[in-house]
Engineer: 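Take a look at the following structure, please.
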Amino acid sequence: MRRLAQTALLALIGAGLLHTALFTDLYLRYVKEGLRPVLIASGVVLLLLGAVNAVLDLRRDQESHEHHEHGHDHAHAPKVAWLLALPALSLLLYAPPALGAYTAAHSNGKPVTTAPRERFPALPATSPLPLTLTGFTQRVQQDPTRAIKGRQVQLTGFVTPAGAGGGWYLTRIIFTCCAADSQTVKVRVHGPDAPPANTWLAVTGTWHPAGRLGTKTAEAALDVKETRPIAQPINAYTDDLPLTPS
């Protein structure tokens, strides 16, 4: 790989980062929304490095000609270095599929942090009550007041098959920083047959009694009354509250 190709590779990666972060929402498949400025800055730096490298190469060639040399750079990097062009091209031409049911099925559920008694305010009278999957799990397993008992709730997420035992989970994949440290939170669904994997749904139902409510023995599970297909959120790697009708 000659220096000219190395310069082109720097520019290609920088352009790929800027294209993904500035003109699309595809960067949300890789990192949290708050890291967008970092991606933009990285793309700009890579383009500048490519430009500086190109200028230095031109000067080097001119000096070589002045000294009656061939002006050729015979330095080579390993051919395998060309593989670095593949992720850059993918950013420009082909976006890898989003994380989904396959990833969730092969990961453990996200641990739910301990919530002291004072962190559970009284639930509003709204019915169905919109909750995140994490919030529902916390109420089921850690709320000593058992305020969730008998309440109709609405959760949103995508479908993950439960495996050999049948059934399915409503699922969210959550980025702490990026795709490499993603965590999964799942709520077991009881009721209708499983829709196709990765289908996004708004699900309405009540807690499915399994274990002792308000303790770790309680299962995060739902007896479903209604399911409604929804569009995948633009930022799908958060555990946001469901949108309520206006």
Side-chain angles (χ1 to χ4, degrees), residues 32 99-195 197-227 233 235-244:
K32 291 183 68 173
L99 300 181
Y102 178 84
T103 302
H106 291 80
S107 66
N108 295 323
K110 176 181 178 291
V112 177
T113 56
T114 302
R117 183 186 298 267
E118 60 270 21
R119 289 188 60 187
F120 287 110
L123 292 173
T126 306
S127 185
L129 175 67
L131 288 174
T132 64
L133 301 192
T134 300
F136 175 76
T137 303
Q138 286 179 331
R139 286 284 183 171
V140 166
Q141 296 183 344
Q142 298 174 4
D143 182 4
T145 68
R146 304 178 189 176
I148 203 72
K149 184 176 182 179
R151 291 296 304 271
Q152 192 170 101
V153 300
Q154 185 181 75
L155 314 175
T156 59
F158 64 86
V159 175
T160 299
W168 54 285
Y169 293 97
L170 193 67
T171 312
R172 287 278 197 158
I173 293 176
I174 305 168
F175 284 0
T176 302
C177 176
C178 61
D181 61 10
S182 62
Q183 297 177 311
T184 303
V185 57
K186 296 185 280 191
V187 172
R188 184 68 180 251
V189 173
H190 296 269
D193 293 336
N198 294 312
T199 302
W200 278 82
L201 298 174
V203 175
T204 303
T206 55
W207 177 64
H208 175 81
R212 183 183 175 190
L213 189 61
T215 71
K216 288 292 186 181
T217 65
E219 181 185 16
L222 203 67
D223 284 324
V224 172
K225 177 183 178 182
E226 179 184 6
T227 63
N235 189 357
Y237 300 111
T238 61
D239 190 17
D240 292 333
L241 284 171
L243 294 176
T244 55

Engineer: Which heavy atom of Thr126 sits nearest to which heavy atom of Arg151, and what is that distance?
Structural biologist: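 Nearest heavy atoms, Thr126 then Arg151: O-NH2, 2.9 Å.
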Engineer: About how many Å separate OG1 of Thr160 and CH2 of Trp168, when rounded to the nearest 0.5 Å?
Structural biologist: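 That separation rounds to 9.5 Å.
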Engineer: Under the side-chain contact (heavy atoms from CB on, under 4.5 Å) criterion, do Arg139 and Arg146 qualify, and how do the steps go?
Structural biologist: CA-CA 7 Å; Arg139 286 284 183 171; Arg146 304 178 189 176; over 6 Å; no
Engineer: Taking the side chain as C-beta and beyond, is there a heavy-atom pair between Leu155 and Phe136 under 4.5 Å?
Structural biologist: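 A side-chain contact exists here, since the closest heavy-atom pair is under 4.5 Å.
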Engineer: Between the side chain of Gln141 and the main-chain N/O of Ala218, is any donor-acceptor distance below 3.5 Å?
Structural biologist: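 Here the side-chain-to-backbone pair exists.
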Engineer: Specify the closest pair of heavy atoms between Gln138 and Phe120, including all atoms of both residues, with the distance to one decimal.
Structural biologist: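 That would be O-CZ, 3.7 Å.
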Engineer: Do Asp143 and Ile148 come within less than 4.5 Å of each other through their side chains, counting heavy atoms only?
Structural biologist: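 No; the side chains remain at least 4.5 Å from each other.
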Engineer: Of all residues at least two apart in sequence or in a different chain, which pass the side-chain hydrogen bond (donor to acceptor under 3.5 Å, both in side chains) check with Asp239?
Structural biologist: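 Applying side-chain hydrogen bond (donor to acceptor under 3.5 Å, both in side chains) to Asp239 gives Thr134.
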Engineer: Might you point out which heavy atoms bring Pro128 and Val153 nearest each other, and give the distance in Å?
Structural biologist: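 Smallest heavy-atom distance, with atoms named: CB-C, 4.0 Å.
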Engineer: Indicate the atoms forming the closest heavy-atom contact of Leu133 with Val185, along with that distance.
Structural biologist: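 Heavy atoms of Leu133 and Val185 come nearest at CD1-O, 3.7 Å.
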Engineer: Please find the pair of heavy atoms, one from Thr156 and one from Pro242, that lie closest to each other, and give the distance.
Structural biologist: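 The pair with the smallest heavy-atom distance is CG2-CB, 3.5 Å.
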Engineer: With the side chain counted from C-beta on, respond yes when Lys225 and Thr206 share a heavy-atom pair under 4.5 Å apart, and no when they do not.
Structural biologist: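 SC-SC contact between Lys225 and Thr206 ruled out.
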Engineer: Checking His208 against Asp223 for the side-chain hydrogen bond (donor to acceptor under 3.5 Å, both in side chains) test, could you report, in this order, the C-alpha distance in whole Å, the side-chain angles of both residues, the deciding distance, and whether it holds?
Structural biologist: CA-CA 5 Å; His208 175 81; Asp223 284 324; 2.7 Å; yes
Engineer: Looking only at heavy atoms, which two atoms of Ala194 and Gly167 are closest? And how far apart?
Structural biologist: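 Nearest heavy atoms, Ala194 then Gly167: CB-O, 4.4 Å.
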Engineer: Mind checking the CG-CH2 spacing from Leu213 to Trp207? Nearest 0.5 Å is all I need.
Structural biologist: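 Rounded to the nearest 0.5 Å, the CG-CH2 separation comes out at 4.5 Å.
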Engineer: Which residue, Leu201, Thr227, Val203, forms the side-chain contact (heavy atoms from CB on, under 4.5 Å) with Pro192?
Structural biologist: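 Result: among Leu201, Thr227, Val203, Thr227 is the only option passing the side-chain contact (heavy atoms from CB on, under 4.5 Å) with Pro192.
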Engineer: Quick check for you: to the nearest 0.5 Å, what is the distance between Leu222 atom CG and Leu170 atom CG?
Structural biologist: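 Rounded to the nearest 0.5 Å, the CG-CG separation comes to 8.0 Å.
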Engineer: Output the distance between atom CZ (Arg188) and atom OG1 (Thr171), rounded to the nearest 0.5 Å.
Structural biologist: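 So the CZ of Arg188 and the OG1 of Thr171 are separated by 11.0 Å.
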Engineer: Just jot down the salt bridge (Lys or Arg N to Asp or Glu O under 4.0 Å) partners of Arg172, sequence neighbours excluded, or say none.
Structural biologist: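 Arg172 satisfies salt bridge (Lys or Arg N to Asp or Glu O under 4.0 Å) with no other residue.
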Engineer: Look up atom OG1 in Thr238 and atom CD1 in Ile173, then write down how far apart they are to the nearest 0.5 Å.
Structural biologist: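 Between atom OG1 of Thr238 and atom CD1 of Ile173 there are 11.5 Å.
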Engineer: Nearest 0.5 Å, what's the CG-OG1 distance between Leu241 and Thr132?
Structural biologist: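 Interatomic distance, Leu241 CG to Thr132 OG1, rounded to 0.5 Å: 6.0 Å.
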